[in-house]
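By convention in this document, chain letters (A, B, ...) are assigned in the order of the sequence lines, proteins followed by strands, and residues within each chain are numbered from 1.
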There are 2 protein chains.
Amino acid sequence: MSIHSKTSDRTSAYTLQRALRPTENDLSTVRRTLQKADTDTGNSRVEQKERTRQRLIDSALALIGAGSGYNALSLREITREAGLVPAGFYRHFRDLDELGLALVEMGGVTLRRLLREARRDGIPPTDMLRGSVQIYRRFVAERSEVFRFIAGARGGGSRAIRDAIRTEESHFASEMAHDLRTLGTLPELSSATLQMICGLVVTTMLNAASDILDLPEGHTQAERELIENFVRQLRVVFLGAARWRDS
Amino acid sequence: MSIHSKTSDRTSAYTLQRALRPTENDLSTVRRTLQKADTDTGNSRVEQKERTRQRLIDSALALIGAGSGYNALSLREITREAGLVPAGFYRHFRDLDELGLALVEMGGVTLRRLLREARRDGIPPTDMLRGSVQIYRRFVAERSEVFRFIAGARGGGSRAIRDAIRTEESHFASEMAHDLRTLGTLPELSSATLQMICGLVVTTMLNAASDILDLPEGHTQAERELIENFVRQLRVVFLGAARWRDS
DNA sequence: TATTACAGTGAACATATGTTTACTGAAAGT
DNA sequence: ACTTTCAGTAAACATATGTTCACTGTAATA
């Protein structure tokens, strides 16, 4: 594909453009020390390290967002995208799985932010469910790569990652149950039952996210139907929850 | 890893044992023509072809069952397991995705069999939900590779495969809705609503399958809790369904 | 019986991957 | 000022991948 048969990994490493495009400056040895290139904030040693670590994470997310699923991406791809030599990866992560766990944590943070935002805005008075779903839909769209990752790794990724995601889901469900409690929703239910129901809500949410992300671009009608279905499913769940009697 | 540095692909192709194990007959040229080896049933040309095609599919499933997720497996791995040279793959599938679609279809068949069996046994009189879940649990255990594949490819796999799985899920939900209808369950609901609810049930089922498959071996207690949670979630759904009023 | 179709072979191809090793230069610690 | 630490480099490694091509033997066909 490339013109030179002896092109090393670095040739395309600094294009910083989308790869697989014939670049004319293949040989230009303008190798400005990247350390200087991204002098945005602090420059202590640890700050710099943390910054490239974050760059690796972001690159992984970017690649996931750009089509290829989590399990399809490789160490070299990531370092390439991050403007780093492959070996440099090991200064930050033992292997891809460790990077994956960082992504899971980031996913957890995203979910928590979702709850926080929903809390802050307060529940829409008339149709709280539809309102919450709207917030969620926006979140999924805005941080699509994160949800793509979660959707892809929840069933796909390595054992360790699946477990980590499950844990994060469980925490999220707990927090949600707590919110519902303080909000006074479903006051008759035991905490255990509430947790069980929130678990159901969470999986439904994540399934919906996966569906939303696979929507063909622009089809607003299909999206509307999908969202409508999602809202109704949640309504069924809460209807059932309201009628639940702890045995 | 292997003793010979020039080992071709074929060295381990015929071990037929689990790979990665030092075999002593590496050099034994006992290359019995495999065509003769599996003379089980008919031997017409097309039958033979269909048989190795099935062998490829089975090998893929076996590899999935043996740990590595769907997206992690490779053409060469599969042909190795199937006792076939890599190039032979193309006589049966254009690429891995096409094999994947065959797996999806097989998954659909499995799900239909599940419904058929549940229908045949009739719904347990006292606790139909728990009974159905028992049937399901057994199914997941018996055909674990299939469910592993579905769970892994539903969010992970290529676009085409995700879509195919979604279609299969939808069909399954429809069939389930039909069964509920003829069974007289939830007679007041419109077909659309019933379909929506069955969709929710199906995703809940598949999520549960994923959880079941990741259970640490032998922990009967954890499994019991998981199943119990699963049953309760379904109960919530059906409770909600019973209270649903089409607007 | 002679001819054709074609599933499976064997070898080579270009290209990708993860991991190791010794190195360099600048920030941090003394 | 001098030494240590360590993020990032360069190059090589062994190994894996998908895909191609001309081939071979045999079942199907004529």
Item to check | A:His92 side-chain proximity, nearest of D:dT19, D:dG8, D:dC21 | outcome: D:dG8
Next on the checklist: Counting only heavy atoms from other residues, nucleotides and ligands, does the tally under 6.0 Å from CZ of A:Arg116 exceed 12?
Outcome noted: no
Checklist entry - Counting side-chain heavy atoms from C-beta on, which of D:dT17, C:dG18, C:dT21 comes nearest to B:Arg80? => result D:dT17
Next on the checklist: Counting only side-chain heavy atoms from C-beta out, which of C:dT9, D:dG25, C:dG18 sits nearest to B:Arg45?
Outcome noted: D:dG25
Checklist outcome for this item: Taking for B:Val46 and for B:Ser74 the nucleotide of DNA chain D with the nearest heavy atom, the one nearer the 5' end belongs to B:Ser74
Item to check | Within 6.0 Å of CD in A:Glu142, more than 12 heavy atoms from elsewhere | outcome: yes
Checklist outcome for this item: Here the distance between atom P of D:dG25 and atom CD of B:Gln48, to the nearest Å, is 17 Å
Checklist entry - Can you check the A:Leu73 CG to D:dT17 P distance for me, whole Å? => result 18 Å
Next on the checklist: What is the separation between atom CZ on A:Phe93 and atom P on C:dG18, rounded to the nearest whole Å?
Outcome noted: 15 Å
Checklist outcome for this item: Rounded to whole Å, CD of B:Gln54 lies from C1' of C:dA7 at a distance of 17 Å
Checklist entry - Rounded to whole angstrom units, what separation is found between the CG atom of A:Leu84 and the P atom of D:dT9? => result 5 Å
Checklist entry - Roughly, in whole Å, what's the span from CZ in B:Arg53 to C1' in C:dG8? => result 17 Å
Next on the checklist: From CD of A:Glu47 over to C1' of C:dA28, roughly how many Å is that when rounded to an integer?
Outcome noted: 13 Å
Next on the checklist: Given C:dT17, D:dG8, D:dC21, identify the nucleotide with an atom nearest to the side chain of A:Arg91.
Outcome noted: D:dG8
Next on the checklist: Test your reading of the model: is there a side-chain donor-acceptor pair from A:Ser59 to the backbone of A:Arg55, 3.5 Å cut-off?
Outcome noted: yes
Checklist entry - Quick one: which of C:dT20, C:dA22, D:dT26 gets closest to the side chain of A:Tyr90? => result C:dT20
Next on the checklist: Please tell me if A:Thr52 has a side-chain N or O lying less than 4.0 Å from either OP1 or OP2 of D:dG8.
Outcome noted: yes
Item to check | Nearest atoms (heavy-atom pairs only) where A:Tyr70 meets A:Asp97 | outcome: OH-OD1, 3.8 Å
Checklist entry - Starting at CZ of B:Phe89 and ending at C1' of D:dT17, how long is that distance when rounded to a whole Å? => result 13 Å
Item to check | Selection from D:dG25, C:dT17, D:dT19 that lies nearest to any side-chain heavy atom of B:Pro86 | outcome: D:dT19
Checklist entry - Does the side chain of B:Arg45 pick up a donor-acceptor pair with the side chain of B:Gln48 at under 3.5 Å? => result no
Item to check | Given D:dT17, D:dA12, D:dT9, the nucleotide with the shortest approach to the side chain of A:Arg76 | outcome: D:dA12
